[in-house]
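Here is how names work: the chains are called A, B, and so on, in the same order as the sequence lines, proteins then strands, and each is numbered from 1.
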Amino acid sequence: MLDPKLIRSDINTVAAALTKRHYTLDIEAFNALENQRKSLQIETEALQAERNSRSKNIGKAKAAGEDIAPLLAEVDDLKSKLESAEQQLNTLQASLDELLQQIPNIPDADVPEGHSEADNVEIQRWGEPKAFDFPVRDHVDIGTSIGQLDFDVAAKLTGSRFAVMHGKIAQLHRALIQFMLNVHTTEHGYQEVYVPFIVNKDSLFGTGQLPKFEADLFKLNTDAEKSSEFYLIPTAEVPVTNIFRDEIIDAAQMPQRMVCHSPCFRSEAGSYGRDTRGMIRQHQFEKVELVQFVRPDESDGALEQLRGHAQTILEKLELPYRTVILCGGDLGFSAVKTYDLEVWLPSQDTYREISSCSNFRDFQARRMKARWRNPDTGKPELLHTVNGSGLAVGRTLIAILENYQQADGSIQIPEILQAYMNGCERIA
RNA sequence: GGAGGGGUGGCAGAGUGGUCGAAUGCACCGGUCUUGAAAACCGGCGUGUCGCGAGGCACCCAGGGUUCGAAUCCCUGCCCCUCCGCCA
């Protein structure tokens, strides 16, 4: 959520900044609601003050043994006036909040102009795609031909967009998770954390998935009598970031860096027909997520640092990749700036997203009321959140299968992973 | 699943209809004293919101209700604790 004060005081600048993501802020609607809010709030609070002081007087009179009947008569019509004012204010506040919650974050100055993925700007490239002297196969062919990847059985068990892995490929998948967690905890200063994979609405609101993106989530059929509604997490970002919802962190505890491995569940409602083959786009996948809670003046630097941490994984695995900065039109709702890391996939002859690293500044923190105590002011202030995948495990697996495929149909294991595979050098 | 007991400021813990945004203790911050520290003493010390300001308003788990007035009474939900049962 953006700062309501900023919108009130400088709505034109905010609206102009949002045009970079092709979002049109309804200035008229906002101002109309805001003006009503202001006068109604002043009126309501005046009535409340009146009620409070009269009630106090009644209390005093009663204590003094006086007759309070005349005082009660005086206060009679105040009550109904106040009730209607409060009700109007509540309704108005609710629509104002709704409007406010729908406004996306303001893109950073670094974010390039553009409408779609095609307008993202490449800023870096690492590694040289291997030249193959045999026909390149995709991960589906590679994995199924050795009987260790199975989409048909997965479809039987559940449905489309799921996978079953067997033997060495399943082990490789697990090895990747261990490897990533180890690197981030021992070399990059992250604290490992384990969290629930089912969250409530408040958590999803905090990170910005709700109310706008409910269609992308799996909602659990919970007891209709209960008011609680549960969802499967679309990313560990949700539970991990919400650890500090409604909390005030001591300055000495900053920055907080957490790494979390979790499954992710996405209904991918808007993507039918895209990447239907293989495990590029699944309803369930594993991810190692990096989350940082930092001082406001440190979030820009933290994003660069975190992106480096994710890149390190690709480099250690010797997978060629490039880094792009998302253009305004491709930027996610809550982010001010996002880098995507894209790994080389030989079968597609292109780079595909394997990590997304974003700075949210105080946008999520405001929704979550996640604060830190600024020692300079002594006051609680919103902190900044930064996160990114480090990395998406399923897609990393695909990248290894494809980039390390051999002419004989086997797959070489990247050197650094061999220790995590009991010394195994090759999958066949 | 059954039976009880609870959710109050950073923590502990009073408060059961009025002058309570909330006693007290601890912690914390500032000061006095001290060569320095500790102790003692003095002062300060929740959050949000509206307002140029004085100040107002809201918040005692959450949402409703009763009342002139609710931390306090009623209803619903959530969460925690204890005991029994079941269980990886």
* Tell me yes or no: between the side chains of Ser55(A) and Asn52(A), is some donor less than 3.5 Å from an acceptor? =>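 No donor-acceptor contact under 3.5 Å links the two side chains.
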* To do: Using only heavy-atom distances, determine whether the side chains of Glu286(A) and His261(A) contain a donor-acceptor pair under 3.5 Å.
  => yes
Phosphate-side-chain proximity, [X] and [N], N/O vs OP1/OP2 below 4.0 Å:
{"X": "Lys62(A)", "N": "G69(B)", "value": "no"}
{"X": "Arg373(A)", "N": "U47(B)", "value": "yes"}
{"X": "Arg371(A)", "N": "G48(B)", "value": "yes"}
{"X": "Asn52(A)", "N": "A58(B)", "value": "yes"}
{"X": "Lys79(A)", "N": "C68(B)", "value": "yes"}
{"X": "Arg51(A)", "N": "A58(B)", "value": "yes"}

* Structure fact -> Picking from C68(B), U47(B), G56(B), the nucleotide nearest the side-chain atoms of Glu45(A) would be G56(B)
* Asked: Quick one: are the ring centres of Phe265(A) and Phe218(A) less than 6.0 Å apart?
  ->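 Aromatic pair excluded; centres sit 6.0 Å or further apart.
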* For Asn90(A) and for Glu381(A), locate the closest nucleotide of RNA chain B by heavy-atom distance; then report the residue assigned to the nucleotide nearer the 5' terminus. =>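 The residue mapped nearer the 5' terminus is Glu381(A).
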* Structure fact -> On RNA chain B, more 5' by nearest nucleotide between Lys5(A) and Glu86(A) is Lys5(A)
* Evaluate whether atom NE2 of His115(A) has more than 12 neighbouring non-hydrogen atoms of other residues, nucleotides or ligands under 6.0 angstrom away. =>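 No.
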